[in-house]
Amino acid sequence: RGSPDPAGRAGISLHQDAGGRGHAAFGEPTAGGQDHARLPGRADLPALAFTERVVKESLRLHAPIWAFNRTPKQPTTIGGYDVAPGDLVLISPTILHTQERYFARPLSFEPERFAEPSHPRHAYLPFGAGPHVCIGAQFAVQEMVLVLATIASRYRLVLSPGQRVEAAALVSLRPKRPVRIELVRRA
């Protein structure tokens, strides 16, 4: 199944079990994965369902925006707390996405959880939600799927020895230091 990742370092390199299971899916649209001359395109997206699940699970563990705020226009109650108009409410997808009440084994990298998602609608929001959702969210996911399918059909991504991936929470969540990855050509 998934790989426990309490330090929050999930990724394709660190989860070779997911990468290995998905290798066939990564190469599907290009003549069984062997036609490296043709890059996958938008028409190939339906055949890349596992790759999309890998991207969504990566976004669950590492949402691009780790926190954002909202201000209610009318009085409301959130989690038993009264919130008045003008109050600032901080929402953290990073915290929300790792709640066991929404995701079983929340620190495990398990792309299968997105095959038939069972989490509540607003428990997964790597690009925000409602009227403030990122207008490029769908395009961003499609782009990530196609880039990952292109790279993973040709190479295995391996974290270079001695690398420790730590997050820096700026406006967006990003690595604190450069991350060295080795590309190992697939046969």
### Inter-residue atom distance Arg156.CZ - Arg185.CZ, 0.5 Å rounding
13.5 Å
### Task
Kindly work out whether a path of hydrophobic side-chain contacts (I/L/V/M/F/W/Y, heavy atoms less than 4.5 Å apart) joins Leu173 to Ile91.
no
### Task
For the residue pair Pro93 and Phe68, establish whether any side-chain heavy-atom pair is separated by less than 4.5 Å.
yes
### Message
Please check if the number of heavy atoms outside Gln138 that lie under 6.0 Å from its CD is greater than 12.
### Response
no
### Task
Answer yes if Val141 and Trp66 sit in the same cluster of Ile, Leu, Val, Met, Phe, Trp and Tyr residues linked by side chain heavy atoms under 4.5 Å apart, and no otherwise.
no
### Query
Just one of Ser58, Pro117, Pro111 clears the side chain to side chain contact (heavy atoms under 4.5 Å, CB included) bar with Arg53, so which one?
Pro111
### Query
Under 4.5 Å between side-chain heavy atoms, hopping through other hydrophobics if needed: is there a path connecting Ile95 to Tyr124?
no
#### Entry: Leu125 reachable from Leu59 in the ILVMFWY side-chain graph, under 4.5 Å edges
yes
### Query
Are Leu146 and Leu48 side-chain neighbours, meaning at least one heavy-atom pair lies under 4.5 Å?
yes
### side chain to side chain contact (heavy atoms under 4.5 Å, CB included) partner of Val89, chosen from Thr71, Val83, Asn69
Val83
### Message
Working to the nearest 0.5 angstrom, can you tell me the gap between Leu159 CG and Arg180 CZ?
### Response
11.5 Å
### Derivation of the side-chain contact (heavy atoms from CB on, under 4.5 Å) call for His119 and Phe114
CA-CA 9 Å; His119 56 269; Phe114 285 95; 3.7 Å; yes
## Note on the structure
Residues Ala84 and Pro72: closest non-hydrogen pair is O-CG, 3.5 Å
### Task
Report the distance from atom NE2 of His97 to atom NE2 of His62, rounding to the nearest 0.5 Å.
12.0 Å
### Query
Can you tell me how far CD1 of Ile181 sits from OH of Tyr155, rounded to the nearest 0.5 angstrom?
14.5 Å
### More than 12 heavy atoms of other groups within 6.0 Å of Leu90 CG
yes
### Task
Please check if the side chain of Arg186 supplies one atom and the backbone of Ala152 the other of a donor-acceptor pair under 3.5 Å.
yes
### Query
Going from CG on Leu183 to CD1 on Ile151, what distance comes out if it is rounded to the nearest 0.5 angstrom?
7.0 Å
### Task
Indicate yes or no for a side-chain donor-acceptor contact from Glu182 to the backbone of Val158 under 3.5 Å, with no hydrogens or angles considered.
no
### Message
I'd like to know if Glu52 pairs up with Lys56 as an ion pair, taking the criterion as any Lys NZ or Arg NE/NH1/NH2 lying under 4.0 Å from an Asp or Glu carboxylate oxygen.
### Response
yes
### Query
Looking at CD1 of Ile65 and CG of Leu170, how far apart are the two atoms once the value is rounded to the nearest 0.5 Å?
10.5 Å
### Task
Return the minimal non-hydrogen interatomic distance between Ala129 and His122, and the atom names on each side.
CB-CD2, 3.4 Å
### Task
Answer yes or no: is there a side-chain heavy-atom contact under 4.5 Å between Pro40 and Thr150?
yes
### Summary
In terms of heavy-atom contacts, Pro126 and Ala63 come closest through CA-CB, 4.1 Å
### Query
Does the cation-pi check pass for Arg113 over Phe103, that is, NZ or CZ under 6.0 Å from the six-membered ring centre and within 45° of its axis?
no
### Query
Where do Gln163 and Pro178 come nearest, in terms of heavy atoms and distance?
OE1-O, 3.7 Å
